[in-house]
Colleague: 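Handing you a structure now.
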Amino acid sequence: MNARAVNKQQTAKPAAVPKLDQFRRITIKVGSSLLVDHEKGCVRRDWLAALADDIASLHGEGRDILIVSSGSVALGRTVLGLPKGALRLEDSQAAAAVGQIALARLWAEVLGDRMVTAGQILVTFGDTEERQRYLNARETIGRLLDLRAIPVINENDTVATAEIRYGDNDRLAARVATMASADLLILLSDVAGLYTAPPGTDPEAKLIPVVPRVTAEIEAMAGGAASAFSRGGMRTKLEAAKIATTGGTHMLIADGRVAHPVQRIREAALCTWFLTPSNPVTARKKWIGGSLEPRGTVHVDDGAVKAIFGGASLLPAGVKRVEGNFARGDCVVIRDGQGAEIGRGLVAYDAIEAAQIAGRNSREIEKVLGIPGRAEIIHRDDMVVGGE
Ligand code: GLU
C-alpha cells in the first residue's frame, strides 16, 4: 500500500450507520432461543407479541417484511418427548415435522391479531441454489409481498438431507433476503452484535458498530463458539453477512432478547451493521450481465428497442423471433433489427412458448398457450441494458 493510500485510510471517516427507516424491504430472522423457552419447551408469548407489534408497525408504514423463523425443532421435540441435547438427524426431522405446524400457526395468529396475513414458505437448499426452483420461490415470495402478506420462511427440515441443507437459519435468511431483493436483513440474536473479543470472558471486549467489509481480521473476531441454544454462532452470522452484502443487502445483528427488539433498533440500540457496497438491483444486474451464460437470443423490433432504452420491460409484441433452446429463467441476449446486442435478461418463457407468443399482444398469451402467463417476456428487473 503506498503512503497516500495509508494516509487516506487513516483519515477516512468511519462509515455512517444507516437508519432503519430508510429501508423498504426488510427480512427479519428470529432465532429459536428467542422464540422458545428451551427449559419449558414452550413459546415466549409476551416477547413474541411485542415483536409482532414492531413488525406490524413497520408493515403498516408500507414496508415489505419477510420473517425467517426458527423454532420447529425446539417446539416439536418437547411434544415428542425427545431428550435434551443434540438430536440425531432423523429425530430432529421428526421434531421439525411436529413443531412446524405449531410454528406456522403461531405466526399466523400473532400477525393475524394485528390484521396482517402470514404465508408459510418452507425452502430447501436446492430451492435457493437451483435456477428454476430459485425463480419459483422468488416469484411466490414476490407475489405474497405484492398482496401485502408476510412470508414466514423456514428450512424444510423434514426433507432436507444431511449433506445438502443449510442447517442454520442465519445463512438461509441471507439467501432468502438477497433472493427477495430485500435491502436489509436483521438477525435477531442472543448477542448484541460482533465484539472485538468474546464479551463473556474478556472485559475489554468492544462491540463493533459498523463493518464496512467482512475481512479476515473481522472473521478472526468471530471465533468458533456457537451460542447456547441456536445452531448458528458468530461464524455462521459472518457467513450470512458475506452472502447478504455481496448480494446487495445490508445486514445487522441485534440483541433480540429485549422486549420490542426492532423498535429498539429504531431507537438506535447498540448493534452491528454490515454494509453492502451494492444494492440488490445492481448486484442482480451484475449477475445477469456478467456471470450467466446466455442460452439463446431474442430478436426485437425497433419499437421494443426504444421502449427498453426508455426503461420498459420487453413484451411479447416486440419480439420478432427467438433462437436457441432456452428454458424459463435462462439468460438470453436481446438483439435489435441489425443483430446488435442491446442487453441481456432472464426470460419468463421457454423457447417454444416464446416463439408461440412472439409478436402477440400480452392479452393473447392465455389463448395461445392455454395458460395465463406473465405479461412481460423479460421483466425490467430481470434485464440489464447497455451500460447498466
Ligand atoms: N430450521 C431449524 C428450526 O426451525 C432451526 C435452524 C436454526 O436455528 O438456525 O428449528
Side-chain angles (χ1 to χ4, degrees), residues 27-44 47-48 51 66-80 82-108 110 118-128 137 151-177 179 185-191 222 224-244 251 253-257 261:
T27 302
I28 301 173
K29 183 252 169 178
V30 182
S32 164
S33 65
L34 300 174
L35 198 68
V36 181
D37 179 326
H38 282 67
E39 278 307 306
K40 302 191 189 116
C42 62
V43 176
R44 297 177 60 222
W47 176 85
L48 180 61
L51 172 65
L66 298 94
I67 295 170
V68 173
S69 177
S70 308
S72 66
V73 176
L75 289 172
R77 65 189 299 160
T78 327
V79 180
L80 290 174
L82 291 165
K84 288 204 159 52
L87 292 177
R88 288 185 311 183
L89 180 65
E90 55 270 38
D91 282 344
S92 65
Q93 291 185 310
V98 171
Q100 185 60 39
I101 300 176
L103 188 62
R105 191 171 59 202
L106 188 67
W107 280 109
V110 81
Q120 174 186 251
I121 301 200
L122 298 177
V123 291
T124 59
F125 186 82
D127 295 327
T128 61
V152 177
I153 300 153
N154 196 0
E155 186 161 16
N156 196 349
D157 290 311
T158 53
V159 296
T161 51
E163 309 78 39
I164 320 166
R165 65 200 290 254
Y166 282 98
D168 68 87
N169 275 3
D170 295 326
R171 291 175 309 136
L172 172 76
R175 211 54 189 102
V176 163
M179 175 158 88
L185 165 63
I186 302 176
L187 298 184
L188 291 180
S189 172
D190 55 5
V191 286
S227 63
F229 295 113
S230 52
R231 286 180 157 273
M234 198 44 80
R235 267 234 179 115
T236 65
K237 293 189 173 39
L238 288 192
E239 288 303 317
K242 285 196 258 178
I243 297 170
M251 187 183 106
I253 300 175
D255 196 343
R257 291 166 300 187

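All ligand and atom numbering here is 1-based and tracks the order in the structure. These figures come from a predicted structure and were not determined experimentally.
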Colleague: With rounding to the nearest 0.5 Å, note down the distance linking CG in L172 to CE in M179.
Modeller: 8.0 Å
Colleague: Under 3.5 Å between some N or O of ligand 1 and some N or O of E155?
Modeller: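 No, since none of the N or O atoms of E155 sits under 3.5 Å from an N or O of ligand 1.
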Colleague: For G167, state whether at least one heavy atom is located under 4.0 Å from any atom of ligand 1.
Modeller: yes
Colleague: May I ask you to list the atoms of ligand 1 that are less than 4.0 angstrom from any heavy atom of N154?
Modeller: 1 (N), 3 (C), 4 (O)
Colleague: Could you tell me which residues satisfy salt bridge (charged side-chain N to carboxylate O under 4.0 Å, His left out) with K40, sequence neighbours excluded, listed by chain and number?
Modeller: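 Testing K40 for salt bridge (charged side-chain N to carboxylate O under 4.0 Å, His left out), a comparison that skips the adjacent residues, returns D37.
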Colleague: Is D170 close to ligand 1, meaning an N/O of one under 3.5 Å from an N/O of the other?
Modeller: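 The answer is no, given that D170 and ligand 1 share no N or O pair closer than 3.5 Å.
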Colleague: Within ligand 1, which atoms have a heavy atom of D168 less than 4.0 Å away?
Modeller: 9 (O)
Colleague: For ligand 1, find out whether one of its N or O atoms is nearer than 3.5 Å to an N or O atom of G71.
Modeller: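 Yes: some nitrogen or oxygen of G71 is under 3.5 Å from one in ligand 1.
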Colleague: Quick one: pull up CG in D91 and CG in L80 and give me the separation to the nearest 0.5 Å.
Modeller: 8.5 Å
Colleague: Is the shortest N/O to N/O distance between D157 and ligand 1 below 3.5 Å?
Modeller: yes
Colleague: For side chain to side chain contact (heavy atoms under 4.5 Å, CB included), just list the numbers for L51 and L34, CA-CA rounded to whole Å, side-chain angles, deciding distance to a tenth of an Å, and then say yes or no.
Modeller: CA-CA 11 Å; L51 172 65; L34 300 174; over 6 Å; no
Colleague: Please assess R165 against L89 for the test side chain to side chain contact (heavy atoms under 4.5 Å, CB included), listing each intermediate value before the final yes or no.
Modeller: CA-CA 12 Å; R165 65 200 290 254; L89 180 65; 3.9 Å; yes
Colleague: Does any N/O atom on V73 come nearer than 3.5 Å to any N/O atom on ligand 1?
Modeller: yes
Colleague: Please list every donor-acceptor pair under 3.5 Å in which a side-chain atom of residues 67-76 meets a protein atom from a residue at least two apart or in another chain.
Modeller:
from : atom 1 : to   : atom 2 : distance (Å)
S69  : OG     : W107 : NE1    : 2.9
S70  : OG     : N169 : ND2    : 2.8

Colleague: Non-hydrogen atoms of A96 versus ligand 1: any pair closer than 4.0 Å?
Modeller: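 A96: no contact with ligand 1 (<4.0 Å).
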Colleague: Under a 3.5 Å distance rule, please check whether R171 uses its side chain to pair with a backbone N or O of Y166 as donor and acceptor.
Modeller: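 Answer holds: yes.
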Colleague: Answer yes or no: does an N/O atom from S69 fall short of 3.5 Å to an N/O atom of ligand 1?
Modeller: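 No, S69 has no N/O under 3.5 Å of an N/O on ligand 1.
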